[in-house]
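Report on one structure; see the data block that follows.
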Amino acid sequence: MLKKILYTLYILVMVCMAAATLVEKYRGTDFAHASIYGSWWFTGLWALLTLAAAAWFVRRRVRRLSTAALHLSFAVILLGALLTHVTGRQGAVHLRMGMPTSTYYENIRGGDVVERRLPFEMRLDSFAIKYHDGTQAEADYMSRFTITAGNGNTTGEVSMNKIYSYGAMRFYQSSYDPDMQGSILSVNSDPWGIPVTYAGYGLLFMSLVWMLADPKGAYRRLLGHPLLKRGLLSLVCIAVFTHGIRAATVLPEETAERFGRLNILYNNRVCPLQTFAIDFTKKLCGSAGYKDYTPEQVLTGFIFWGEEWSAEPIIRLKHGAMRDRLQLPGRCSVNTFFNPVMGGYILGPYVNEYYHGHNDKFHQQVADTDDRLMMVMNLRRGTLLKVFPFTSNGKTTWYPPTGNITDTLIDEARRKYMQNVFSLIYQEAKAGNNAHINLILDKMLKYQRLNAGTSLPSDARIKAERIYNAVPFATILFIVNLTAGLLLLGFTIWRMVKAGTPDARTAGYEKLSRAVFTVAAALLVLSLTALTTCLALRWIISGRVPMANGYETMLVMAWSVMLLAVAACRRFRIALPFGLLMSGFFLLVSHISRMDPQITHVMPVLSSPLLSVHVSVIMMSFALLSLTFICGVTAVILHLAGRRNATATYGSTESLALLSRLLLYPALTLLSIGIFVGAIWANVSWGSYWNWDAKEVWGLITFMVYAVAVHDRSLPFLRRADGYHLYMTLAFLTIVMTYFGVNYFLGGMHSYA
């Protein structure tokens, strides 16, 4: 009876948390926190689960210290959460320059805000925003203030990821006033909950590591499994180029490439103009090239021969409501959308409807197309070409060749140079003087180096970005890995089904198997090397660890899977198809989802080394768990395909279950470490180690779901290989929800990841 109560409460807690994320989606964060996360019944549910687990633990008479410490850690974490809920206070203080304040606004249950008194007086002395050189991209926010308590004054400073503590209160940079004369600081006071919770996280981490190392523990027993000793586990274990006829005038490829060496302020980042050309071309036609033109030729074609290029059918339109309703082909020119007979700009009325609340598929496609057309218009006007830097008093501004140059320090000669150099290039291009154009471009690059101050990227960064732009690493690798992974998985399954038959014992069969797996291992190593190069280049270009957005974390996930597969393939051959297949899948997802591959500056709150640790550990955990999913899928396929050879199938699925369990334990350890580090990062960044954000909730659900799989002694169906594989296959849905469901459906403050 106690066992059933425990399981019921465990499932009920997970269901309530999952439902709460949906409630938050449709009813708002305040409602979800007041009605569910902050409610008495939700707290009581956790308390009942803790009591039931403790009673079951005592009844089972568990004596192993590593197991006892592990389960005790969860009780300590929940105690810390209860203390935070009961004794913690959180709010905000609004400071204005030179104006003392002694109050703050506290958030209480139900989303209400009440005014509270501070035990001291605060005065804002200064507030400043630090920008990345030459851009308007914020790098940090900094507030300096004075605290007056009694007869003494204390100065303090906060910035993103840098807190200030005074007594039991901690202050965090939260926001600021539009006039830059005020700053809003988050205030947090949780003297009991935080240390207890941190102690619980620490105990959880140590006990999980202890569980892996315990000579009498379950993981060490797996490492001593007879299948491993006998070596049986190792048994289980296109581009089409079309060349169109040139129909529009372009610069020669060499001259256009030299144009791409210039630097430009684009997406609040100074980068080679080649990067802008690639993004411009991709946005218009869905690929990095048009016909046999390079991106630089396409860009300069629109700059210098805009009328001709506006007639080119370069704009790719996907099938959908807009194409059907407006009777448009799959490839349109810019001129297609400007029809005097139909009243001018044919999308104009629909764009106006979109901005007045019409948000169906038709109007979304209209808005997307309008965005691309406006990009072309702005390029032809010259407003996007911010290629002329000017530095004064240590501040660099990048100007386009058109528009009003307002800086009075710019002399007349320099001003005329900025406004006329593109016209000069066009005149030389009309005359066919490409050598003169090359000289002009070289002088423009020299001008940039002399006037850009510290905003210009280093030569190493520029070289890295040009290499990165030249090789579509992720595109090539997802095609190669996914194709090779599918073929190798098919070969592996065929090999497993054939195991034990007379054919499987012939020398030719073994020779073929060795050759196939040798080639696969070499391909996996080459793929890992290429993706490592890709990530290293992004790191050099951005100046940060490439883990700050969804696209980069998909690359890291694929890299982690391949690294694990390379490490394991000598002992477990099955790791080869798994590594190729899952890495190809993650790289494919980075292409087909809404993830943005552009390299940009990150928001200041993400500029923390804790973020890199948090993301990398979580991604490594997900990579391991994704391999357990492939084990499960393979076992299901074997079960369906190997009915005629039931003995071989049973041995293969047992071996796959052993491999899956070997991956599961370190995956859970890494996931707990990732959650722990994420809690510290959250506490340092915005003053609360747990906010019941949708990503946090689903991360906890994922941990709880996979934790069930290590309790095979209590759950008989997990002892059977088929039952275990089915459970692990379904459990992967929680990872899908944690990563993709939250990002693209539920939202929340983690949705950028």
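- Side-chain contact between I630 and S626 is absent, with no heavy atoms from C-beta onward closer than 4.5 Å.
- A 4.5 Å side-chain heavy-atom check between L347 and T369 finds at least one atom pair inside the cut-off.
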Test side chain to side chain donor-acceptor pair (under 3.5 Å) applied to T275 and R269, step by step: CA-CA 11 Å; T275 300; R269 184 175 71 92; 4.8 Å; no
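- E307 and R380 are joined by a salt bridge, as a carboxylate oxygen and a charged side-chain nitrogen come within less than 4.0 angstrom of each other.
- Aromatic ring orientation, H363 versus Y350: perpendicular (interplanar angle above 60°, classes split at 30° and 60°).
- Within the 3.5 Å criterion, the main-chain N or O of A321 finds a donor-acceptor partner in the side chain of Q365.
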Working for side-chain contact (heavy atoms from CB on, under 4.5 Å), residues Y426 and W305: CA-CA 9 Å; Y426 175 64; W305 297 280; 3.7 Å; yes
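- Checking side-chain atoms of S333 against main-chain N and O of T336 turns up a donor-acceptor pair under 3.5 Å.
- Outside the 6.0 Å centre-distance limit, the rings of F390 and Y399 are not counted as a close aromatic pair.
- Judged purely by atom type and a 3.5 angstrom limit, R372 uses its side chain to pair as donor or acceptor with the backbone of R316.
- Using a 4.5 Å heavy-atom cutoff, the side chains of M557 and T553 are not in contact.
- Side-chain atoms of Y354 and D370 include no donor-acceptor pair closer than 3.5 Å.
- For the pair L580 and T483, the minimum side-chain heavy-atom distance is 4.5 Å or more.
- In this structure, V561 and S583 approach most closely via the heavy-atom pair CG1-N, 4.0 Å.
- Between the side chain of E308 and the backbone N or O of T249 there is at least one donor-acceptor pair closer than 3.5 Å.
- Ring planes of F280 and F302: perpendicular class, angle over 60° (limits at 30 and 60°).
- For the pair F473/L537, a side-chain contact is recorded, criterion being any heavy-atom separation below 4.5 Å from C-beta on.
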side-chain contact (heavy atoms from CB on, under 4.5 Å) evaluation trace for Y293 with E253: CA-CA 8 Å; Y293 300 120; E253 188 171 333; over 6 Å; no
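- Across all non-hydrogen atoms, the minimal contact from V617 to G674 is CG1-N, 3.6 Å.
- Closest of all the heavy-atom pairs between P400 and G382 is CB-O, 3.2 Å.
- With 3.5 Å as the limit, one finds a donor-acceptor pair spanning the side chains of N378 and R381.
- When every heavy atom of M418 is checked against every heavy atom of F388, the shortest pair comes out as O-CE1, 3.4 Å.
- Two residues are said to be in side-chain contact when any heavy atoms from C-beta on lie closer than 4.5 Å; R538 and L555 meet this criterion.
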Step-by-step side-chain contact (heavy atoms from CB on, under 4.5 Å) determination, W398 to Q448: CA-CA 10 Å; W398 288 73; Q448 289 184 334; 3.9 Å; yes
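- With hydrogens and angles disregarded, no donor-acceptor distance shorter than 3.5 Å links the side chain of N393 to the backbone of K395.
- The main-chain N or O of T738 is found under 3.5 Å from a side-chain atom of K695 such that the two form a donor-acceptor pair.
- Salt-bridge annotation for E465 and R461: absent, with no side-chain N of the basic residue lying under 4.0 Å from a carboxylate O of the acidic one.
- In this structure, the separation between CG on N433 and CD1 on I425 is 13.0 Å, given to the nearest 0.5 Å.
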Trace of the side-chain contact (heavy atoms from CB on, under 4.5 Å) decision for F585 with N481: CA-CA 8 Å; F585 169 76; N481 287 16; over 6 Å; no
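- Counting heavy atoms from C-beta on, the side chains of L299 and L379 come closer than 4.5 Å.
- The main-chain N or O of L524 is never found under 3.5 Å from a side-chain atom of S527 such that the two would form a donor-acceptor pair.
- A distance-only check finds a donor-acceptor pair linking the side chain of T391 to the backbone of N451 [under 3.5 Å].
- Of the inter-residue distances, the one linking I437 atom CD1 with N434 atom CG reads 5.0 Å to the nearest 0.5 angstrom.
- Interatomic distance, CH2 of W309 versus OH of Y290, reported as 6.5 Å (0.5 Å rounding).
- Scanning both residues, M322 and F362, for their nearest heavy atoms gives CA-CD1, 3.5 Å.
- Atom CE of M562 is separated from atom CG of L477 by 6.0 Å, given to the nearest 0.5 angstrom.
- Summarising the geometry of L384 relative to I264, their closest heavy-atom pair is O-CD1, 3.5 Å, with the distance given to 0.1 Å.
- Judged purely by atom type and a 3.5 angstrom limit, E296 has no side-chain atom pairing as donor or acceptor with the backbone of R258.
- In this structure, a donor-acceptor pair under 3.5 Å is absent between the side chains of T529 and T532.
- Under the 4.5 Å side-chain criterion, counting only non-hydrogen atoms from C-beta, P401 is in contact with L385.
- L587 CG to M582 CE: the interatomic distance, rounded to the nearest 0.5 Å, is 11.0 Å.
- Looking at S310, its side chain never comes within 3.5 Å of a backbone N or O of V334 through a donor-acceptor pair.
- Interatomic distance, CG of L441 versus CZ of R261, reported as 10.0 Å (0.5 Å rounding).
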